[in-house]
Amino acid sequence: MASLESGEKMDANPPTPVGFWDPALKELRKQAVFKWVRTVLILCVFILAVLSLYWAVQFTVDDKLNKLKVWVVDFDNAENPLVGPAVTQLATQIGASGQSLGYVIKSPSEFGFDPVSVIQSVYDEHCWAAIIVSADATTLLRDAISNGNSSYAPTDAATTVIIQARDQTTFSSYITPALNSFELQLRASFGPEWVSNLTSSGTNLASVPPQAINPAIGFSTLDLRPFAPAAATPSVTIGLIYLIIIAFFNFPFTMPVHGLFLKGPNPLKIPQWLIWRVCSSIIAYFFLSLFYSFVSLAFQIPFTNDPAPDTVSAANPNAYGRGSFVVFWMLNWVGMAALGFPCENMAMVLGFPYSSLFLIFWVITNVSSGFYALDVAPEFFQWGRAWPLHRIVEALRTILFGTHSRIGLDFGILFAWIAVSLAFFPVASFIMRWKMKRGL
């Protein structure tokens, strides 16, 4: 009764609110200001350090465009060729500037005098693109002049070979504009000299097909794997950020469920509790990745097309035919586990709210290494080739567009991330329980 009466008196006299500058809050103000300053300082340093990674990955692009190799192969076999030397000379001039794509002159003998071997090299990603001068480029041009061949097509002179689905952003931003500029410069340098030669030789220009005079020569484009449809963009770019976020939030949503086994008179043994947590997370990723994959299927991204030959242009050839969706799902499942288990570990080690900072770090480092061409990034970013999202993006392009496959390596690195994370899992769980017991 005495305690009840005491409680009633305490309720009847609640603490009296005071102003912010009240002397009674002097020590509390110092403590609050110190913690506030420390927290803001930590966030400022974090922003400067981690967000800089995202800006830095594109910082050296202009200076490292020459890392995007374009092979120039002159098959022009005419006596006193005109077209082939004009192309190689221009490539040498542009390449010497150091502020352009890395044009490399290759001898036809390196490919057995077979243009298809050059195309295969582009598909195999030995270079980013190739300019192939046709064997009869000069011959056809001269024939159009001498015989008045009205069916002459200037674009038969050379072919640019690209594979846009390898990295649509890099091609649209750097490679395709540069190749278009190369063609315009070639016409600008070749055209006047060609017309001068015709007039000085007394050629009757009235009998010459106009396209043989201007533009005289040009390029056709062979895109081995065009990037389409547009709805596929989220699957290999921004949509993958949500794969990371979903994997991250699996931990806070399921932790209350895991905690049930540690309560009551008969708590679960810790080793079995850890096994339960790992298995339940893997199963959760299995279903979460399935429904994540359903989004791409719902928006009619092709998953049932047949594979296509490497050297033939094809739209959306799926690497595994009708089984491509299953492989797509399995990649998302393994990828979600590779991205998610590090998040779970760090959530247990860091706790709230610092685990949110790890999520930002994890997203930025994966996006920086996965969505941008590391060939033109600073050398510092080469670690990104081993980061989970880089391998996921590469494997996704193989599945969806039939690009050059390294899918065995991609899955291998993702499994390595899972193995290392699971090895650290008991340690992270111990740290979490240690902090909980001490109220940290």
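Computed from heavy atoms alone, side chains included, the values below leave out hydrogens, waters and symmetry copies. Because the structure is predicted, anything quoted here is derived from the model rather than measured. Positions are given from 1 along the sequence.
The shortest non-hydrogen separation linking Ala91 to Tyr103 is O-CB, 3.8 Å. In plain terms, the two heavy atoms of Arg187 and Pro215 that are nearest each other are NE-CB, 3.7 Å. Closest approach of Ala137 and Ala157 over heavy atoms only: CB-O, 3.5 Å. The minimum heavy-atom distance between Leu374 and Gln382, with the atom names listed, is O-NE2, 3.2 Å. Residues Pro342 and Ala337 approach most closely at CD-O, 4.1 Å, considering heavy atoms. When every heavy atom of Gly402 is checked against every heavy atom of Tyr123, the shortest pair comes out as O-OH, 2.7 Å.
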message: Working note: Gln168 + Arg397, criterion side-chain hydrogen bond (donor to acceptor under 3.5 Å, both in side chains); need CA distance, chi angles, decisive distance, verdict.
response: CA-CA 10 Å; Gln168 74 281 6; Arg397 293 181 186 278; 2.8 Å; yes
- request: Dump the intermediate steps for side chain to side chain contact (heavy atoms under 4.5 Å, CB included) on Ile407 and Tyr320, then the final yes or no.
  value: CA-CA 12 Å; Ile407 202 162; Tyr320 303 98; 3.2 Å; yes
message: With side chain to side chain contact (heavy atoms under 4.5 Å, CB included) as the criterion, how do Leu240 and Tyr292 come out once you've worked through the C-alpha distance, each side chain's angles and the decisive distance to 0.1 Å?
response: CA-CA 10 Å; Leu240 291 169; Tyr292 172 87; 3.5 Å; yes
query: Is there a ring pair (Phe, Tyr, Trp, His ring centres under 6.0 Å) between Trp329 and Phe303 once you walk through the steps?
result: CA-CA 11 Å; Trp329 171 24; Phe303 285 106; over 10 Å; no
- prompt: Does the side chain to side chain contact (heavy atoms under 4.5 Å, CB included) test come out yes or no for Ile217 and Leu141, once each step is laid out?
  reply: CA-CA 8 Å; Ile217 59 174; Leu141 179 59; 4.3 Å; yes
task: Verify side chain to side chain contact (heavy atoms under 4.5 Å, CB included) between Arg277 and Met255, making sure each step is shown before the conclusion.
output: CA-CA 9 Å; Arg277 284 196 55 196; Met255 198 60 206; 4.1 Å; yes
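A 6.0 Å sphere centred on NZ of Lys106 holds more than 12 heavy atoms belonging to other residues, nucleotides or ligands. Phe294 CZ: more than 12 foreign heavy atoms inside a 6.0 Å radius. Summarising the local packing, CD of Glu193 is surrounded by 12 or fewer heavy atoms from other residues, nucleotides or ligands at distances under 6.0 Å.
Taking the side-chain hydrogen bond (donor to acceptor under 3.5 Å, both in side chains) definition, one finds that Lys64 meets it with Glu379, sequence neighbours left out. With sequence neighbours excluded, the residues forming a side-chain hydrogen bond (donor to acceptor under 3.5 Å, both in side chains) with Thr221 are Thr160, listed by chain and number. Thr365 meets the side-chain hydrogen bond (donor to acceptor under 3.5 Å, both in side chains) test with Trp387; sequence neighbours excluded. Applying the ring-ring contact (aromatic ring centres under 6.0 Å, His included) rule to Phe425 yields no partners; only residues at least two apart in sequence or on another chain are considered. Taking the side-chain hydrogen bond (donor to acceptor under 3.5 Å, both in side chains) definition, one finds that Trp276 meets it with His258, sequence neighbours left out.
Separating the CD1 atom in Ile175 from the NZ atom in Lys69 is a distance of 12.5 Å, to the nearest 0.5 Å. Note that CD1 of Ile282 and CG of Asn250 are 11.0 Å apart. Values are rounded to the nearest 0.5 Å. Distance CD/Gln300 to CG/Leu297: 9.0 Å, rounded to 0.5 Å. Atom CE of residue Met330 and atom CG of residue Leu290 lie 8.0 Å apart, to the nearest 0.5 angstrom.
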Check: residues 40-58 side-chain donor-acceptor pairs under 3.5 Å, at least two apart:
unit_1 : atom_1 : unit_2 : atom_2 : d
Ser52  : OG     : Leu48  : O      : 2.3
Tyr54  : OH     : Tyr372 : OH     : 2.8
Gln58  : OE1    : Tyr174 : OH     : 3.4

Which atom pairs, one a donor and one an acceptor, fall under 3.5 Å between side chains of residues 228-239 and the rest of the protein, sequence neighbours left out?
unit_1 : atom_1 : unit_2 : atom_2 : d
Thr233 : OG1    : Ala230 : O      : 2.9
Ser235 : OG     : Ser296 : OG     : 2.9
Thr237 : OG1    : Thr233 : O      : 2.4

Quiz: residues 347-356 side-chain donor-acceptor pairs under 3.5 angstrom, not counting sequence neighbours:
unit_1 : atom_1 : unit_2 : atom_2 : d
Ser355 : OG     : Gly351 : O      : 3.4
Ser356 : OG     : Pro353 : O      : 3.4

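Thr92 places a side-chain N or O within 3.5 Å of a backbone atom of Thr88 that can act as its donor or acceptor partner. Side-chain atoms of Asp167 come within 3.5 Å of backbone N or O of Thr169 as a donor-acceptor pair. Using a distance-only test at 3.5 Å, with no hydrogens or angles considered, a donor-acceptor pair links the side chain of Gln211 to the main chain of Ser150. Checked by atom type and distance alone, the side chain of Asn318 never pairs as donor or acceptor with a backbone atom of Ser324 at under 3.5 Å. Checking side-chain atoms of Trp194 against main-chain N and O of Ala216 turns up no donor-acceptor pair under 3.5 Å. Ser121 places no side-chain N or O within 3.5 Å of a backbone atom of His126 that could act as its donor or acceptor partner. When atom types are taken as modelled, the side chain of Glu110 and the backbone of Val73 share no donor-acceptor pair closer than 3.5 angstrom. In terms of modelled atom types and a separation under 3.5 Å, the side chain of Asn316 and the main chain of Pro302 share no donor-acceptor contact. In terms of modelled atom types and a separation under 3.5 Å, the side chain of Ser100 and the main chain of Ile94 share a donor-acceptor contact. Listed for the Ser369 side chain is a donor-acceptor partner under 3.5 Å among the backbone atoms of Asn366.
There is a side-chain donor-acceptor pair under 3.5 Å between Ser220 and Thr159. Judged by distance alone, the side chains of Asp136 and Ser134 never bring a donor and an acceptor atom under 3.5 Å apart. For Asp76 and Thr138, the side-chain atoms include at least one donor-acceptor pair closer than 3.5 Å. Between the side chains of Ser181 and Gln185, at least one donor-acceptor pair of N or O atoms lies under 3.5 Å. Defined by atom type and a distance below 3.5 Å, a donor-acceptor pair is missing between the side-chain atoms of Asp223 and Ser313.
Among residues at least two apart or in separate chains, ring-ring contact (aromatic ring centres under 6.0 Å, His included) pairs with a member in residues 128-158 are Trp128-Phe171. Listed by first and then second residue, the ring-ring contact (aromatic ring centres under 6.0 Å, His included) pairs involving residues 226-254 are Phe227-Phe401 (not counting sequence neighbours). Among residues at least two apart or in separate chains, ring-ring contact (aromatic ring centres under 6.0 Å, His included) pairs with a member in residues 56-82 are Trp71-Phe111. Applying the side-chain hydrogen bond (donor to acceptor under 3.5 Å, both in side chains) test to every pair with at least one member in residues 413-430, sequence neighbours left out, gives no pairs at all.
Look at Asp410 and Arg385 and you find no salt bridge, because none of the NZ, NE, NH1 or NH2 atoms lies under 4.0 Å from a carboxylate O.
The distance between the ring centers of Tyr285 and Phe341 falls below 6.0 angstrom. Proximity of the aromatic rings of Phe328 and Trp333 is defined here by a centroid distance below 6.0 angstrom, and this criterion is not met.
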